[in-house]
Number of protein chains: 2
Amino acid sequence: MTTRRRSNCPISFTLDLIGDRWSLLILRDLVFGRARFYRQLLESGEGIATNVLAERLRRLERVGLLSKRRDPDDRKRFIYSLTPKGLDTLPILLEMILWGAKYDPRTAAPPEFVARLRKDRERVLAEVRARAEEK
Amino acid sequence: MTTRRRSNCPISFTLDLIGDRWSLLILRDLVFGRARFYRQLLESGEGIATNVLAERLRRLERVGLLSKRRDPDDRKRFIYSLTPKGLDTLPILLEMILWGAKYDPRTAAPPEFVARLRKDRERVLAEVRARAEEK
DNA sequence: CCGGATCCGTTTCGATACTG
DNA sequence: CAGTATCGAAACGGATCCGG
């Protein structure tokens with residue numbers, strides 16, 4: 001995961017930041033409020049290794065997609081949260097969810113969520129965003 | 001690029017298919033009509049290696065995102081084109097373009113295209129789709 | 001316990017050279 | 001033109017260890 005893209009064509013840069021095997025999954029878990037702590041991210045079901053997770057978190061923080069602070073309620077752990085820049089990847093995530101829902105029977109996206117997303121994209125976007133922000 | 005994802009959570013599967021360093025760039029070039037041939041894809045500015053491109057094209061074909069046929073006008077080369085499934089990645093690509101346009105000064109997305117995309121997403125989507133389909 | 005760091009065997013990547 | 005063969009470099013993943 002080093003930066004090595006040469007082109008300045010659209011998408012190229014974006015993939016340089018989040019176009020690896022794990023970053024978008026980490027963002028997904030943070031965006032949808034499934035995880036806030038290292039431990040939760042680690043156990044969110046994808047099977048990422050500890051060293052890889054640590055490296056990705058460092059990277060995502062460095063490029064300004066998330067921030068890390070100590071949990072005031074439990075000083076021995078950290079809270080990872082999205083920056084506005086990180087939260088703005090939500091539309092990308094939503095489109096991936098839609099695509100997966102359409103083409104992969106294996107994907108267990110909640111059907112009612114997908115249906116609402118298809119019908120009223122802007123509203124769902126605003127809702128998820130609001131929920132993520134209050135955390 | 002083997003399939004090794006274990007989770008059936010949303011996005012996980014999608015990334016299994018197109019969540020690598022190159023697939024979305026290949027799809028971008030096909031979607032936006034910048035390339036149809038191996039050679040064009042190779043020289044589209046990103047610096048992909050020949051073996052990697054060949055492997056990705058094989059993979060994308062196998063999972064049903066693109067198809068390959070011999071060029072009737074020049075029997076010694078092949079035309080790569082998108083399937084409907086491949087073309088349906090367009091919304092993902094567009095969101096990545098928007099995100100990149102917002103956060104990366106290096107990205108050279110045509111400003112008027114980005115502006116139109118922001119203003120009238122559905123229309124731009126339909127236009128790009130139509131152009132891609134007629135090829 | 002929590003959040004990693006380190007070590008290490010295995011897999012994948014990628015640049016280049018070469019081929020049908 | 002459209003790839004394949006090769007091979008070193010990088011990334012991955014599992015296990016284990018460690019400071020707080």
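Just the heavy atoms: all of them, side chains too, but no hydrogens, waters or symmetry mates, feed the values below. Just so we're on the same page: letters track the sequence lines, and every chain starts at 1.
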Could you tell me whether the phosphate oxygens of [N], OP1 or OP2, come under 4.0 Å of any side-chain nitrogen or oxygen in [X]?
{"X": "B/K68", "N": "D/dG3", "result": "yes"}
{"X": "B/W22", "N": "C/dT12", "result": "no"}
{"X": "B/R56", "N": "C/dC13", "result": "yes"}

Contact class for [X] (heavy atom, under 4.0 Å): base, sugar-phosphate, or nothing?
{"X": "A/R58", "answer": "sugar-phosphate"}
{"X": "B/A49", "answer": "base"}
{"X": "B/R39", "answer": "base"}

Whole-Å distance separating the [atom1] atom of [X] from the [atom2] atom of [N]:
{"X": "B/D20", "N": "D/dC12", "atom1": "CG", "atom2": "C1'", "result": "15 Å"}
{"X": "B/I26", "N": "C/dG14", "atom1": "CD1", "atom2": "P", "result": "11 Å"}
{"X": "B/L42", "N": "D/dA2", "atom1": "CG", "atom2": "P", "result": "10 Å"}
{"X": "B/I48", "N": "D/dG3", "atom1": "CD1", "atom2": "C1'", "result": "13 Å"}
{"X": "A/L53", "N": "D/dA15", "atom1": "CG", "atom2": "C1'", "result": "16 Å"}
{"X": "A/L57", "N": "C/dG3", "atom1": "CG", "atom2": "P", "result": "10 Å"}
{"X": "A/D73", "N": "C/dC2", "atom1": "CG", "atom2": "P", "result": "15 Å"}
{"X": "B/R77", "N": "D/dA2", "atom1": "CZ", "atom2": "P", "result": "7 Å"}

For a 4.5 angstrom cut-off between non-hydrogen side-chain atoms, does [X] reach [Y]?
{"X": "B/D104", "Y": "A/T14", "result": "no"}
{"X": "B/Y80", "Y": "B/L57", "result": "yes"}
{"X": "A/R129", "Y": "A/E133", "result": "yes"}

*Check the angle between the aromatic planes of B/W99 and A/F13 and answer parallel, tilted or perpendicular using the 30° and 60° thresholds.*
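Plane angle under 30°, so parallel.
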
_Whether A/K102 and B/D88 form a salt bridge (side-chain N of Lys/Arg under 4.0 Å from carboxylate O of Asp/Glu) is what I want to check._
yes

*asked:* Please determine whether any donor N or O and acceptor N or O are separated by less than 3.5 Å between the side chain of A/R75 and the base of D/dG20.
replied: no

*Could you tell me whether the side chain of A/R21 has a donor or acceptor atom within less than 3.5 Å of a complementary atom in the base of D/dA11?*
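Checked by distance alone, the answer is no.
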
*What nucleotide among D/dA2, C/dA5, C/dG3 has an atom nearest to a side-chain atom of B/F78?*
D/dA2

*What residues form a salt bridge (charged side-chain N to carboxylate O under 4.0 Å, His left out) with B/R118, not counting sequence neighbours?*
none

When you compare the protein's N or O atoms with those of nucleotides 17-20 of chain C, which come within less than 3.5 Å of each other, and at what distance?
unit_1, atom_1, unit_2, atom_2, d
C/dA17, N6, B/T50, OG1, 3.4

*Mind checking what makes side-chain hydrogen bond (donor to acceptor under 3.5 Å, both in side chains) contact with A/S67, not counting sequence neighbours?*
A/S81

